[in-house]
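Before any comments, here is the structure.
Just so we're clear, the structure is a prediction, and the values are computed from it rather than from any experiment. Below, read A as the first sequence line, B as the second, and so on, with proteins coming before strands; counting in each chain starts at 1.
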There are 2 protein chains.
Amino acid sequence: MFKLKNRSDKDFSLGWTHEEIITPLVKEFINSYKNLPFYAYQIQDKFRDELRAKSGLLRGVEFLMKDLYSFHADEKDLDSYYEKMKKAYFNIFDKCGLSTKTFLTLAAGGTFSKYSHEFQTLTTSGEDEIYLCKKCKLAVNKEIIKQEKNKCPKCGNKSLSVEKAIEIGNIFQLKDKFSKVFNLNFVGKDKKEKLVFMGCYGIGLSRLMGAIVEINHDDKGIIWPKEVAPFLVHLIQVENNQKINKAAFGLYEDFQKQGIEVLYDDRQDKSAGEKFVDADLIGLPLRIVVSERT
Amino acid sequence: MFKLKNRSDKDFSLGWTHEEIITPLVKEFINSYKNLPFYAYQIQDKFRDELRAKSGLLRGVEFLMKDLYSFHADEKDLDSYYEKMKKAYFNIFDKCGLSTKTFLTLAAGGTFSKYSHEFQTLTTSGEDEIYLCKKCKLAVNKEIIKQEKNKCPKCGNKSLSVEKAIEIGNIFQLKDKFSKVFNLNFVGKDKKEKLVFMGCYGIGLSRLMGAIVEINHDDKGIIWPKEVAPFLVHLIQVENNQKINKAAFGLYEDFQKQGIEVLYDDRQDKSAGEKFVDADLIGLPLRIVVSERT
């Protein structure tokens, strides 16, 4: 964790995880079992003191992260929500074009859970190494593989393959770890005070963007999956005369009216060739070319 | 400026201004006078080592800022754009409900300009002190007032009033200060190499939000100007039965279909009184109450 002092010698730290912020905040909203379950999310910068910061967005010292924290009346409710989140995350990674390359990966669970779960995407640019069971599509990371003696904890398979991967998300049962420290209690149906059970669910958004590009590209550039493309349509105007200008700009306005995100390349100082090279590099899902000959 | 080291003893600093980032970046896009003028903006976190961080959003160590940087072929083009930006900023602050309380304030200009301009909003919660000429609506800050011997630099008025204020924006002619350091040149129409002229234009977004609330509130809570309200409509459902649910949810859907941002308070465990108190506190421009009696 990065720590620093200001000019008045006061201590500051750059957020690397936010349970210590969210738990006391949420305390304001939870008193009774009627307030549970409760969910709060944020999209926020995080900072980690990476020894080997590298590969651009894949492993940065500063990165954008989506965090969701869930708060439950008991462990059973946490368990059931946790399973829902597993599925939701796979749906998200599916839309990002990463589903065939992304594996639920067992990692160490800390004091309270046997395991946490990482979502690891196979790519040679990844820095992590995971042990993949091709039988049951489960992966385990190094710390676990030692504990499990080189076999898949699910099916017992001993021929695991070692793969390079990048962690794009993780989910974790915090249980009462933080609610104990911050006295996050609630009054149950039985009028008794109890500790809230917590889970956390993170996606490294900037890292995910890097992973999407690692997986979805050719030698000319990016190939954006349409669900996460910055624009759906790349509209390229090749010549410049009144007729073409009018036609292309008309199309541009039509797309916008329909709520379709469109990148309109109307640059007058670039050749058709340059525009096509740029379009290949950016890699939007649909390309429309307006020229005299089409 | 905050500086820190990572575990490998490498130096890092937390961005407090971004000219050093944008100038070399923009160098990739500017070669000829044909590429000018050029404008680039960002919305990004900044960090300043404030000795007296206080008053929540009004003076934070970390804050969100909108920066625009402009790049020009000569000083005349910079000057004319700079005047446009002055007007644009006043338009923005007008929409934020701050126009009558916000004054263009002369500040020190550094090495290259006689003055820079701050936009200061009068509020007793402000930490800055400005000297306001009520004759010509110009304000000057302390450093300038010394230099100008306690009189308005525009009209010569000597009875200036001292007011507490908060700086919500600033604009600055950088001229060739950074383009010289980073060799940001371009080839002119006359085929000669010249230095690019730069200007920068900032709004402290999180601080602006604080200032809006300081100026626009009563003793019950915020009164959001409609242009910057987080939602236009606060839809409050008072009772819970099939008829009311249907009516309120129907309205909610209608608003959304029309692209009107609506906050729908359908909480079943809160009384009408609690909902109204919360609505006063949040202070959205329009309130619609759905109940059996309306």
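What you find for L232(B) and L284(B) is that their closest heavy atoms are O-CB, 4.3 Å. Nearest heavy-atom pair, A248(B) versus L235(B), reported as atom, atom and distance to 0.1 Å: O-CD2, 3.5 Å. Across all their heavy atoms, A272(A) and V238(A) have their closest contact at CB-CG1, 3.7 Å. Taking both residues in full, the closest heavy atoms of I166(B) and L58(B) are given as CD1-O, 3.3 Å, listed atom of the first, atom of the second, then distance.
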Considering only heavy-atom distances, could you tabulate the donor-acceptor pairs under 3.5 Å between chain B and chain A?
residue	atom	partner	partner atom	Å
R7(B)	N	D49(A)	OD1	3.1
R7(B)	N	D49(A)	OD2	3.1
R7(B)	NE	D49(A)	O	3.1
R7(B)	NH2	D49(A)	O	2.8
D49(B)	O	R7(A)	NE	3.1
D49(B)	O	R7(A)	NH2	2.8
D49(B)	OD1	R7(A)	N	3.1
D49(B)	OD2	R7(A)	N	3.1

Going through the checks in order, is the side chain to side chain contact (heavy atoms under 4.5 Å, CB included) test met by F71(B) and L184(B)?
CA-CA 10 Å; F71(B) 303 85; L184(B) 179 61; 3.8 Å; yes
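Looking only at heavy-atom pairs under 4.5 Å with chain A, the residue among F2(B), F12(B), F47(B) that has the most is F2(B).
Legend: residues meeting side-chain contact (heavy atoms from CB on, under 4.5 Å) with A88(B), ordered by chain and number and at least two apart, are absent.
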